[in-house]
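Everything on this sheet refers to the single structure shown next.
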Amino acid sequence: MMKLDINGAIHEVEADPSTPLLYVLRNDLEMNGAKFGCGLGQCGACTVMVDGKAVFSCLVPIMLVEGRKVKTVEGLGTIDDPAPMQIAFIEEQAAQCGYCIPGMMMRAQALLESRPDASDAEIRTALEPNLCRCGTHMRILRAVQRARELMKTAAAPAANGGKA
Amino acid sequence: MNASNFPAFSRRGFLFGSGALVVSFSIVPHVLAQEGEVQGATPAPAEPDLPGSLGDTPSLDAWIRIEADGGITVFTGKAELGQGTKTSLRQIAAEELEVEPAAINLITADTALTPNEGYTAGSQTIQNSGTAIRYAAAQVRQILLGQASERLGVPAEQLRAEGGRVLGPGGASLGYGELVAENLLHVNADPATVLKAPDTYRVIGKPFARVDIPAKVTGGEAYVQDMRLPDMVHARVVRPPSYTASLAELDEQSIEAMPGVLAVVRDGDFLAVVAEQEFQAVQAMRALAAAARWEERAALPDQQQLASFYESSATEVGSVSSVGGEAISGAKTIEAQFMRPYQMHGSIGPSAAVAMLEDDRMTIWTHTQGVYPDRGAIAQMLAMPAENVRCIHVEGSGCYGHNGADDAAADAALIARALPGRPVRVQWMREQEHLWEPYGPGMMMRTRATLDAGGKIVDWHYDLWSNTHSTRPGSAGSLIAGRLMGRHFPQDSATLRISPLGNGDRNAIPLYEIPNQRINWHFIPDMPVRVSALRGLGAYANVYSIESFMDELALEAGADPVEFRLRHMTDPRARKVMEVTADEFGWSSDPMPERRGRGFAFAKYKNHAAYLAIAIEMEVDADTGLLRVSHVVSAVDCGEAVAPDSIINQTEGGILQSLSWTLYEAVHFNDTRVTSSDWSAYPILRFSAVPDSIDVHVVDNPGTPYLGVAEAAQGPTAGALANAFRNATGKRIYDLPYTRERVRATLGV
Ligand code: FES
Ligand code: FES
């Protein structure tokens, strides 16, 4: 039995400690955001945040995330109350098939949480580990730039419940 | 409106015949041969006068149902593949039915529910399904108006449809639901139906947010990979190390004893494991792979000698076009040879499917592009009647043609047969997708052309060597599982067929005015490397070759490449996209700074669909061999623009994907095995190589027929990139892709 802190809630999971976090998120916790793309750390479809950093959840066994804070796209906001990053992707219509998108969003979220003023060039560099086969890159870049502005306005009235 | 496309998920809910949604259809249409992709004769449409897919499925209630409560359901045999279909088709139906797109419930490809529209391929969804739904919706509106006219005793001209109601003089109002009586819509489509005039559009051509995106960015269920059915178990396949390997030895007992393992499925050379938990299945798969010993044969061609392999294996030559005289003389003749490697679809999410056998009925949830053909092949493989197999399309990761979707569906079905009553979810591992998906075929193109003294092309010879570009199901032998299993269904044989829309020969005929032409397809029936339809089929390599060669001819003629193209083009719509592109790009022949270049290209996809021109500016770092595309401008005319933002999105996507193919991509193999097993062995475009800007201009033509757009950019992008490289360096690369090694070798560094 392991205790995992996912999106601020503690979940007890019964899985082999060597199980990659991705499988536990998708199956034990029935979350769809993080995707299986390669299982090799080459595509970023599985990207989630652990203690504020973007990681490949396909590579990290759950024993390494016990006691750490995991954040997935489900932890940003909901379909009825989306977070700035999600609003930005919807407004820019930044998806074709969309399979790569949650991973892109989490990597961008990690960047913007640590560097709210990240330049366009820094955004591009940060997203390098994540692949998109549909060629949605231009829109993804625009969406992250928009999210950067939305997150600043959201952060401005200081007491924003820590959302996003 | 809910973007989820999963039908009712309760244990019973998804079984056959349940639910009140749909009446059965009166039509049993033949399988559509589309796109020149499907082997065999093209069936004649049943009703040649009916537009779009109505010819095959004429009954209105096969497309549109209205419930007593006014609920509207629209059925399409096409699937959402990430191209925004679900949104665009709702827009089209909503326009003619005079309701909001959100009021429409759209059901996509499902063999139990929707018309048979063959494959979702060839950029034909809007052209075929969209046209059918448009006409059906217009006719439904007219029927409703007619009903209301009778009920109210008011001439139909005094009535109008709005917001799901028919409104008349003096505040009279009847809901659509009140007007539909049983079987009212069970009538055949009328080819004389009048559509709304473009100047009255409320929805078509207006920006309209994609319905599927909110769920996809918030962790909603969206893909077949996200399906979780009650009692579902997880399976993984173990593939042979090479196409023709056979299983020599296997001790599965130790694997059956592993934690969570429910079954090891072995049928000939087909191997799979099933476990309660997904990661248990992955671990068991690894153990099973280690326990299997295979006998392999060296059956692949020498990758260094593909030109001679193509030449020696071509068995037949098909004449694609033969116009004017044979050997025409002129002022100058030049020739060239171009090569295109085998290239991957490379979906980001590996292929997956869920299947369940219950009471002799097999249900398969699949991201196939063709639920009906896939059902036929799987039914044959399982020796089941086709009526007992139901294929339901659920989105997968973008596929760009025939990837592993059908094969994963067959895997799931074959495994599910071993565990009746339990839904089985199969997902391929990354290397299985890379090694077993059918690739876009390698090709060779030889060109020779003659210019007259005035700089006009007077003679054109074009020869291409290629496999077929479609091995879609087909029979059970088109499925990996069907080939591997004990019955070893033979692969469908391929035959040469020249069709108007083209296959390997797609876009082999240049659209330019050239009085004398000889265009031939040297057909290669043998397919030692597994191949099938990849976005654009032969158009990618043919347009790349033609457009590269056009620039060489322009150089010989001392002409600007854009002017040279216009000189040979009379089609006004083609001229228009070229002119818009050149203008917006700021095209000129002025010299660029050193190591920078600009390139231009054009094609009308399939010579029947969207017109697209593109200009590219790039920079070449001779020392590292690195190419960087900085700016791209493109103009596209796909007839009436239903969803302009979706056209831009798909065109940008096509440009970036083609840049990736052209810069990096080639499947590698030795004499026995394919070796491009992951993203490090088969690199694709990453953000650092994405251009600074891509501007796509949609040239709208309201009221003109829809022309498919999703694949229009693939060929022109490659041509423009090649021409920009030539412009920047004075050298031309003929063989794709433009890898750093090849760039350095060409530049002599
Ligand atoms: S799935 Fe984790 S990096 Fe590809
Ligand atoms: S949107 Fe399809 S992979 Fe990125």
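Labels below follow one simple rule: chain letters A, B, ... track the order of the sequence lines, proteins then strands, and each chain is numbered from 1. All figures in this text were calculated on a predicted structure; none of them were measured in a lab.
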Q) Checking heavy atoms, do the side chain of B:His345, its backbone, both or neither come under 4.5 Å from chain A? A) backbone

Q. Would you say the side chains of B:Asp678 and A:Gln42 form a donor-acceptor pair under 3.5 Å?
A. yes

Q. Would A:Arg133 and B:Glu665 satisfy salt bridge (Lys or Arg N to Asp or Glu O under 4.0 Å), going step by step from the backbone distance to the final call?
A. CA-CA 13 Å; A:Arg133 187 55 161 169; B:Glu665 298 184 32; 2.7 Å; yes

Q. Are the side chain of A:Arg124 and the backbone N or O of B:Val690 linked by a donor-acceptor pair below 3.5 Å?
A. yes

Q) To the nearest 0.5 Å, what is the distance between CD1 (B:Ile348) and CZ (A:Phe36)? A) 12.0 Å

Q | Parallel, tilted or perpendicular: rings of A:Tyr23 and B:Phe279 (30°, 60°) | A | tilted

Q.
If we define contacts as heavy-atom pairs under 4.5 Å, which of B:Ser658, B:Gly220, B:Ser660 has the most with chain A?
A. B:Gly220

Q.
To the closest 0.5 Å, what do you measure between CG (A:Asp16) and CD (B:Gln280)?
A. 8.5 Å

Q.
Quick check for you: to the nearest 0.5 Å, what is the distance between A:Gln86 atom CD and B:Ile213 atom CD1?
A. 13.0 Å

**Q.** Ion pair check, A:Glu92 and B:Arg210, cut-off under 4.0 Å
**A.** no

Q) Which value, rounded to the nearest 0.5 Å, describes the distance between A:Thr136 atom OG1 and B:Gln650 atom CD? A) 10.5 Å

Q: Look up atom CD1 in A:Ile87 and atom OG1 in B:Thr218, then write down how far apart they are to the nearest 0.5 Å.
A: 11.5 Å

Q.
Measuring only between side-chain heavy atoms, which start at C-beta, is A:Cys134 closer than 4.5 Å to B:Tyr400?
A. yes

Q.
Under 3.5 Å, is there a donor on one side chain and an acceptor on the other for B:Arg425 and A:Asn27?
A. no

